2 protein chains.
Amino acid sequence: MAKVTRRERERQQHRREVLAAAQELFSRKGFDRTSMAEIAERAEFAVGTLYKFFKDKKTLYRALILDTVQEFAQVLTTALKTRGTEVERLERYIETKADLFVRHIPTARLYFAQTAGAKYVPTAGLDRDARAVCKGVLDALEAVFRAGIRKGLFLKTDPRMLVLGLEGVGNAFLDELIERPDDFSAETMAGMTKTIFFERIRLKAR
Amino acid sequence: MAKVTRRERERQQHRREVLAAAQELFSRKGFDRTSMAEIAERAEFAVGTLYKFFKDKKTLYRALILDTVQEFAQVLTTALKTRGTEVERLERYIETKADLFVRHIPTARLYFAQTAGAKYVPTAGLDRDARAVCKGVLDALEAVFRAGIRKGLFLKTDPRMLVLGLEGVGNAFLDELIERPDDFSAETMAGMTKTIFFERIRLKAR
DNA sequence: ACAAACCGTGAACCATAGTTCATAAGATAC
DNA sequence: GTATCTTATGAACTATGGTTCACGGTTTGT
């Protein structure tokens, strides 16, 4: 008998189905406005079944967030570690992020909920280790800026400020992209981010 | 008998006290996680009393948001309408906003909840006219960019993009400022916003 | 001084939604 | 084929929190 039996495989499959349903609902309506009954209905299970997979609602949410965040963080840090100058690496980060977000909008919303919007989301405080993963990405970003500053590529400032700034512009555009996906392309958004952050917006000197 | 009797004055005072309590709680914990009982306790009234002032919880929240948002919008649009080049006006906007936000942190959180974080806040949809007020500020901002572009001060792009970008950077810094007010001053934050947005971050050409 | 109007009270009411559990259905093992 | 173990079910239970309302105290007007 194989270690991974059909039973176990199906169980895991069902678990994933629950997570998928939860992802759709949580990302659209947030933690408090999504009920276990809704998740159950969407996943085509009874409420009680959800509790076979997850101890309670918070645990389900946490599991979902952690999955989501880890997956994204993985891709983003990889993008940051590619070869090239610091500017090129940051540009790759921006493009990758834009691409990733348009392709996985519900996931992106949840990722946002943990990063940008975390303070206004009632679930802040449920996360802990998801937060640590997000911080990992920001730290990697900071390291790139730090290196760039050392090499004289960037203005000599607190790299944390640059991280904040880049994430600020980038997320603002991505948010727009997610909300109105038909108005602009991922490329436009990534391009604008790069322009604002690395080129001059203002044309004339004062 | 004066039109405004003592009774009416005190009633209005009590109403304001309720709003103040609600502001503190809503801004810290959000709509869903704040109970009427808590608001009542903090305002030193009985639950029933809250319903003498506001039809229900949503109405109370809406009233609060509208007050908050109008007050802020007023100050911000004024800042945008001062004399000077477009760049100067935007700079004044940035400084004013930073100053306003540090001085009124709970209010600022609520303002954010309506603008930046609105999508991840379960109360999205309660607002309507508050949203219109916020949009007014963004439109004024867009007009300034549009004028700047026409005069050749800024890159010839969609002014909406520039609005998004400026708000993105600015809010990212302000958020940091609100969360960790001791780490940085309002001036530093405003300065960084201006640097990123109007000057060059990158020093060398490619 | 009396009545009417007003304000504040908080226990009780009710709706919603998270959680449990006895039971049924199905799979696995022998 | 039967026994056993696993999984799924959803009605019932419970907790939480928004809302109501009958009441007591106080101010206002006559």
Side-chain angles (χ1 to χ4, degrees), chain A residues 1-65 121-123 125-126, chain B residues 1-26 28-65 121-126:
Chain A
M1 176 177 62
K3 192 172 188 175
V4 174
T5 159
R6 133 166 303 112
R7 266 233 164 122
E8 184 56 18
R9 267 199 321 276
E10 290 188 340
R11 187 180 156 76
Q12 288 308 316
Q13 176 55 31
H14 292 173
R15 197 187 120 105
R16 275 192 298 275
E17 286 173 27
V18 171
L19 281 173
Q23 157 139 306
E24 211 286 314
L25 291 166
F26 280 139
S27 74
R28 193 151 47 76
K29 319 201 307 170
F31 183 81
D32 282 303
R33 310 288 261 213
T34 302
S35 71
M36 292 298 271
E38 280 176 292
I39 298 173
E41 193 185 7
R42 181 168 243 275
E44 296 180 272
F45 283 110
V47 248
T49 308
L50 306 193
Y51 288 86
K52 301 288 186 205
F53 296 118
F54 306 96
K55 198 179 116 285
D56 53 24
K57 193 182 178 188
K58 282 187 183 183
T59 307
L60 164 53
Y61 186 78
R62 251 203 295 255
L64 178 60
I65 289 291
V121 162
T123 40
L126 291 184
Chain B
M1 177 178 63
K3 193 172 185 175
V4 174
T5 160
R6 133 168 299 113
R7 252 212 175 143
E8 185 56 19
R9 267 201 320 276
E10 290 187 341
R11 190 182 152 75
Q12 288 308 317
Q13 176 55 33
H14 292 175
R15 198 187 119 103
R16 275 193 298 276
E17 286 173 24
V18 171
L19 282 173
Q23 157 137 305
E24 211 285 315
L25 291 166
F26 280 139
R28 193 151 48 76
K29 318 200 306 170
F31 182 81
D32 281 306
R33 310 288 261 212
T34 302
S35 71
M36 292 299 267
E38 278 177 293
I39 298 173
E41 191 183 9
R42 179 168 244 274
E44 293 179 272
F45 283 110
V47 246
T49 309
L50 304 194
Y51 288 86
K52 299 291 184 196
F53 296 118
F54 307 96
K55 198 178 116 286
D56 54 22
K57 193 182 176 186
K58 281 187 182 183
T59 307
L60 164 54
Y61 186 79
R62 252 203 295 255
L64 179 61
I65 289 292
V121 162
T123 41
L126 292 184

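In the text below, chain A, chain B and the rest are named by the order of the sequence lines, each starting its count at 1. The structure displayed is predicted, hence computed values, not measured ones.
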Go through D:dG10, D:dT19, D:dT7 for me and flag the one nearest to the B:Tyr51 side chain. D:dT19
Under the side chain to side chain contact (heavy atoms under 4.5 Å, CB included) rule, what do A:Phe54 and A:Val18 come out as? Steps first, then yes or no, please. CA-CA 10 Å; A:Phe54 306 96; A:Val18 171; 3.9 Å; yes
Starting at the 5' end of DNA chain D, which residue's closest nucleotide do you reach first, B:Lys52 or A:Ala46? A:Ala46
Atom CE of B:Met36 and atom P of C:dA15 are separated, to the nearest Å, by 18 Å
Looking at every strand, decide which applies to A:Arg7 at a 4.0 Å heavy-atom threshold: base, sugar-phosphate, or nothing. base
Can you find a pair of side-chain heavy atoms, one from B:Ile39 and one from B:Val47, that are under 4.5 Å apart? no
Report the distance from atom CZ of B:Phe53 to atom C1' of C:dT9, rounded to the nearest whole Å. 13 Å
Between C:dG18 (C1') and B:Asp32 (CG): distance, integer Å: 15 Å
I want to confirm an ordering. Mapping B:Lys55 and B:Arg6 to their closest nucleotides on DNA chain D, which one lands closer to the 5' end? B:Lys55
For the residue pair B:Phe31 and B:Tyr61, categorise the inter-ring angle as parallel (less than 30°), tilted (30 to 60°) or perpendicular (more than 60°). perpendicular
Rounded to whole Å, the CD-P distance (B:Glu41 to D:dG18) equals 14 Å
Would you kindly give the CZ-to-C1' distance between A:Phe31 and D:dT16, to the nearest whole Å? 14 Å
Please give, in whole Å, the distance from D:dT6 P to A:Glu8 CD? 12 Å
Donor-acceptor under 3.5 Å (B:Glu38 side chain, B:Ser35 main chain): yes
Looking at the side chain of B:Ser35, which of D:dG17, D:dG10, C:dG10 is the nearest nucleotide? D:dG17
Ignoring hydrogens and geometry beyond distance, is a side-chain donor-acceptor pair present between A:Gln13 and A:Arg16 at under 3.5 Å? yes
Starting at CZ of A:Arg9 and ending at P of D:dT6, how long is that distance when rounded to a whole Å? 18 Å
Are OP1 or OP2 of D:dA8 and a side-chain N or O of A:His14 less than 4.0 angstrom apart? yes
Does a side-chain N or O from B:Lys57 land closer than 4.0 Å to OP1 or OP2 of D:dG18, or not? yes
When the distance from CG of B:Asp56 to C1' of C:dC14 is rounded to whole Å, what number comes out? 16 Å
Can you tell me which nucleotide in C:dC7, D:dT28, C:dA11 comes closest to the side chain of B:Val47? C:dA11
